[in-house]
2 protein chains.
Amino acid sequence: MIQLSTRDRIIKEADRLFYERGFDNTSFSEIAETVGISRGNFYHHFRTKDEILAAVIGERLAARRHLLEAWEARDTDAVSRIRSFIHILVTNQSKIMRYGCPVGTLCIELGKLDHPLQGEANKVMELFRAWLRRQFEALGCAKDAEDFAMHVLAFSQGVAVLASTGGDKEFIQREVKRMNQWIEEVAAGAIKF
Amino acid sequence: MIQLSTRDRIIKEADRLFYERGFDNTSFSEIAETVGISRGNFYHHFRTKDEILAAVIGERLAARRHLLEAWEARDTDAVSRIRSFIHILVTNQSKIMRYGCPVGTLCIELGKLDHPLQGEANKVMELFRAWLRRQFEALGCAKDAEDFAMHVLAFSQGVAVLASTGGDKEFIQREVKRMNQWIEEVAAGAIKF
DNA sequence: GTCTATAGTATGATAGAC
DNA sequence: GTCTATCATACTATAGAC
């Protein structure tokens, strides 16, 4: 177990707080307090709030990239890979039921704030979309791969939103089952549109 | 054209600003400025920020209730009614592509703020869910009506999130078409799960 | 009902000692 | 690298004149 640098500890806690409480609603004081350093020290590592947001988004991008690569290495067929993606909803069930999807909620918030880093946050969604698209292409859905990728993404976002506003575990599991069934039908060539 | 009272004008503008910029990110000054009154006068009508949020949610609840009643009066069959619900995505296309769904984004934001009025905001989602459930029951899906209602809600939320983070008009229309097709299959009894 | 003035607090951010 | 001030600003909210 390697000791994280102060900078990395800040990014880690900011990441968590931005997710759980929202970016705008999280203050420097809160992050500093959680990390266990003073506000002044905080500014030694990050000069502005946008700087730490950029670092958090960068970290999220890298983490997701690694995750997708790991699935690509582990799962040999495209169907299993897409199922791995969908399974995030089950793996992160309890957090999603409380705070929704970290990617979707940040994109939405930055959009409303008209924040300059909105485009950066959207890149995480982009990463998923492009990866899913490649999987559907590998499945032979050349023409519809983009459409199918967007459909899977929209599905996962919708489930996350509803799970965090009154949904229960069973709801998530039912929807995941439904989506897995849809994937099977797509793979079998049963779905044209 | 009846002249709105100052109170109603405040609610109307606050509703719009909460949707477009978010609740927390909208200040009293901004609302007062938009309405064209002073901050002091604002406090004559609403004493706290939570008071105006409660009024906005109450107004939204009433408006949606009327909308659902109007559809129930206009559309005689359940399939048409559910399609009317789905069609909101097309009707409000341009705003959804910018700010997402007013209902979903407020619920998510209040959740992260751990706001006391979170439950009130969720009631709007609840209203949709119960209405959709009744439509599916009328369709003869007694056992699965709740599941199907949640599925339609999740679908609409997912499309709204993705449309506001890189989606285009065509994406919304493709998904609406896909969902309408699914409704037809449910009505025909082709879908069990 | 509408206004001006102002209190009190929290925030993002800086300066400078150790 | 870490800390203790400190600043300027924006915000919610109140008091009181007209």
Side-chain angles (χ1 to χ4, degrees), chain A residues 2-59 106 109-110 112-118 120-121, chain B residues 2-59 106 109-110 112-118 120-121:
Chain A
I2 301 158
Q3 186 80 5
L4 286 174
S5 68
T6 304
R7 188 192 152 87
D8 286 340
R9 274 161 58 219
I10 291 173
I11 295 177
K12 194 185 158 195
E13 291 303 324
D15 191 350
R16 208 199 79 235
L17 289 168
F18 288 173
Y19 174 34
E20 297 179 1
R21 308 189 188 183
F23 166 69
D24 202 48
N25 191 231
T26 301
S27 67
F28 275 25
S29 311
E30 278 177 305
I31 305 174
E33 201 181 338
T34 310
V35 175
I37 58 169
S38 70
R39 257 177 313 177
N41 189 6
F42 191 100
Y43 280 93
H44 172 73
H45 297 279
F46 296 96
R47 294 233 300 270
T48 68
K49 206 178 178 184
D50 289 0
E51 238 175 67
I52 178 155
L53 176 61
V56 166
I57 294 174
E59 171 59 33
L106 183 65
E109 183 183 359
L110 296 187
K112 299 210 187 226
L113 297 178
D114 205 18
H115 197 284
L117 289 175
Q118 201 181 335
E120 286 303 305
Chain B
I2 299 158
Q3 186 80 5
L4 287 174
S5 70
T6 302
R7 190 192 151 87
D8 286 340
R9 274 161 57 217
I10 290 174
I11 296 177
K12 194 185 158 194
E13 291 301 323
D15 191 350
R16 207 198 78 235
L17 289 169
F18 288 173
Y19 174 34
E20 297 179 1
R21 309 190 186 183
F23 166 68
D24 203 47
N25 189 45
T26 302
S27 67
F28 275 27
S29 310
E30 280 177 305
I31 305 174
E33 200 182 336
T34 310
V35 174
I37 58 170
S38 70
R39 257 178 312 178
N41 187 7
F42 191 102
Y43 279 93
H44 172 73
H45 297 280
F46 295 96
R47 295 233 298 270
T48 69
K49 206 179 177 184
D50 289 0
E51 238 175 67
I52 177 157
L53 176 61
V56 165
I57 294 173
E59 171 59 32
L106 184 66
E109 184 183 359
L110 296 187
K112 299 211 186 224
L113 297 178
D114 205 18
H115 197 283
L117 289 174
Q118 200 181 336
E120 286 303 304

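Throughout, protein chains are lettered first and strands after them, A, B, ... in sequence-line order, and every chain is numbered starting at 1. Just so you know, these numbers come straight off a predicted model, no measurement behind them.
Heavy-atom nearest nucleotides on DNA chain C were determined for B/R39 and for B/R9, and the one closer to the 5' end corresponds to B/R9.
Atom P of nucleotide C/dA13 and atom CZ of A/F28 are separated by 5 Å, given to the nearest angstrom. Note: CZ (A/F46) to P (C/dG12) measures 15 Å, nearest angstrom. The separation between A/K49 atom NZ and C/dA10 atom P is 16 Å, rounded to whole Å. Here D/dC3 presents its P atom at 13 Å from CD of A/E33, a figure rounded to the nearest Å. Across the protein-nucleic acid pair, B/N41 atom CG and D/dT14 atom P stand 15 Å apart, rounded to whole Å. Straight-line distance from the CG atom of B/N25 to the P atom of D/dT12: 10 Å, rounded to whole Å. Between the CZ atom of A/R47 and the P atom of C/dT11 there is a distance of 22 Å, given to the nearest Å. Distance A/H44 NE2 to D/dG1 P: 5 Å, rounded to the nearest Å.
Looking at heavy-atom distances under 4.0 Å, B/Y43 makes contact with a base. Across all strands, B/S38 comes closer than 4.0 Å to base atoms (heavy-atom distances). Using a 4.0 Å heavy-atom distance criterion, A/S5 is classed as making no nucleic acid contact.
A donor and an acceptor atom, one from each side chain of B/D24 and B/H115, are nowhere located under 3.5 Å apart.
The side chain of B/S27 approaches D/dT12 more closely than any other nucleotide in the set C/dT11, D/dT12, D/dC3.
Dashed line: the shortest gap from a side-chain N or O of B/T6 to OP1 or OP2 of C/dT2 is under 4.0 Å.
Taking the six-membered ring for Trp, B/F28 and B/Y43 have ring centres closer than 6.0 Å.
One finds the CD atom of A/E20 at 12.0 Å from the CG atom of A/N25 (value rounded to the nearest 0.5 Å).
A salt bridge is absent between A/K112 and B/E109; no separation between the charged side-chain nitrogens and carboxylate oxygens falls under 4.0 Å.
The neighbour count for B/K12 NZ, taken as heavy atoms of other residues, nucleotides or ligands under 6.0 Å away, does not exceed 12.
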